[in-house]
Amino acid sequence: QVRLVESGGGLVQAGGSLRLSCAASGRTLSSYAMGWFRQAPGKEREFVAAIKWSGTSTAYADSVKGRFTISRVNAENTVYLQMNSLKPEDTAVYFCAADRGRRSPLSRGENEYEYWGQGTQVTVSS
């Protein structure tokens, strides 16, 4: 069993930055692909970014490409999402998730991620 805990959310003005962290316990994350998803009020959860177990491959939603960066430090059992140039439409609850499958390309579908955190709120004011 993998337990994931997100942190780093908060309130920020448009154009600002936040760095989300996802810390794992229970098992090492080094063999899992990791993803970030988000869910805005009244909307379905959507894919944001994913990273290969080795960190050598990443994938991003078009809406965040060039602004967000996913990274991982397996020795720390932690995954990060650096969010720059934030927009009000980035406001959502952000979730990290773990995928045991070594898929190529990286999965963008939430059904393929087995473990989920509880989420952290990101609010971007205009």
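- In this structure, the side chains of Lys87 and Arg67 come closer than 4.5 Å at one or more pairs of heavy atoms.
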Compile the donor-acceptor pairs under 3.5 Å between side chains in residues 5-20 and protein atoms, sequence neighbours left out, one pair per line.
from  : atom 1 : to     : atom 2 : distance (Å)
Glu6  : OE1    : Gln118 : N      : 3.1
Glu6  : OE1    : Gly119 : N      : 2.9
Glu6  : OE2    : Cys96  : N      : 2.9
Glu6  : OE2    : Gly119 : N      : 3.3
Ser17 : OG     : Asn84  : OD1    : 2.9

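- In this structure a side-chain-to-backbone donor-acceptor pair under 3.5 Å is missing from Arg38 to Val93.
- The CD atom of Glu89 lies 9.0 Å from the OG atom of Ser63; values are rounded to the nearest 0.5 Å.
- Although no hydrogens or angles enter the test, the distance criterion places no donor-acceptor pair under 3.5 Å between the side chain of Tyr80 and the main chain of Val73.
- Closest approach of Arg27 and Asn77 over heavy atoms only: O-ND2, 3.1 Å.
- Applying side-chain contact (heavy atoms from CB on, under 4.5 Å) to Ile51 and the options Thr69, Thr58, Thr56 leaves one that passes, Thr58.
- When every heavy atom of Gly35 is checked against every heavy atom of Tyr113, the shortest pair comes out as N-CE2, 3.6 Å.
- Scanning both residues, Phe68 and Val48, for their nearest heavy atoms gives CD2-CG1, 3.7 Å.
- Closest approach of Leu29 and Thr78 over heavy atoms only: CD1-N, 4.4 Å.
- Taken together through direct or relayed side-chain contacts under 4.5 Å among Ile, Leu, Val, Met, Phe, Trp and Tyr, Phe37 and Val2 form parts of separate hydrophobic clusters.
- If you chain together hydrophobic residues whose side chains sit under 4.5 Å apart, Tyr94 and Leu4 fall into the same group.
- Rounding to the nearest 0.5 Å gives a distance of 13.5 Å between OH of Tyr115 and SG of Cys22.
- Thr91 contributes a side-chain N or O that, together with a main-chain N or O of Val124, makes up a donor-acceptor pair within less than 3.5 Å.
- Applying the salt bridge (charged side-chain N to carboxylate O under 4.0 Å, His left out) test to every pair with at least one member in residues 111-126, sequence neighbours left out, gives these pairs: Arg100-Glu114, Arg103-Glu112.
- Of all non-hydrogen atoms in Asn74 and Trp53, the two that sit nearest each other are ND2-O, 3.1 Å.
- Between the Arg108 side chain and the Ala50 main chain, no donor and acceptor come within less than 3.5 Å of each other.
- Across all non-hydrogen atoms, the minimal contact from Arg72 to Tyr32 is NH1-O, 2.8 Å.
- In this structure the side chain of Phe95 never reaches within 4.5 angstrom of the side chain of Thr120, judged on heavy atoms.
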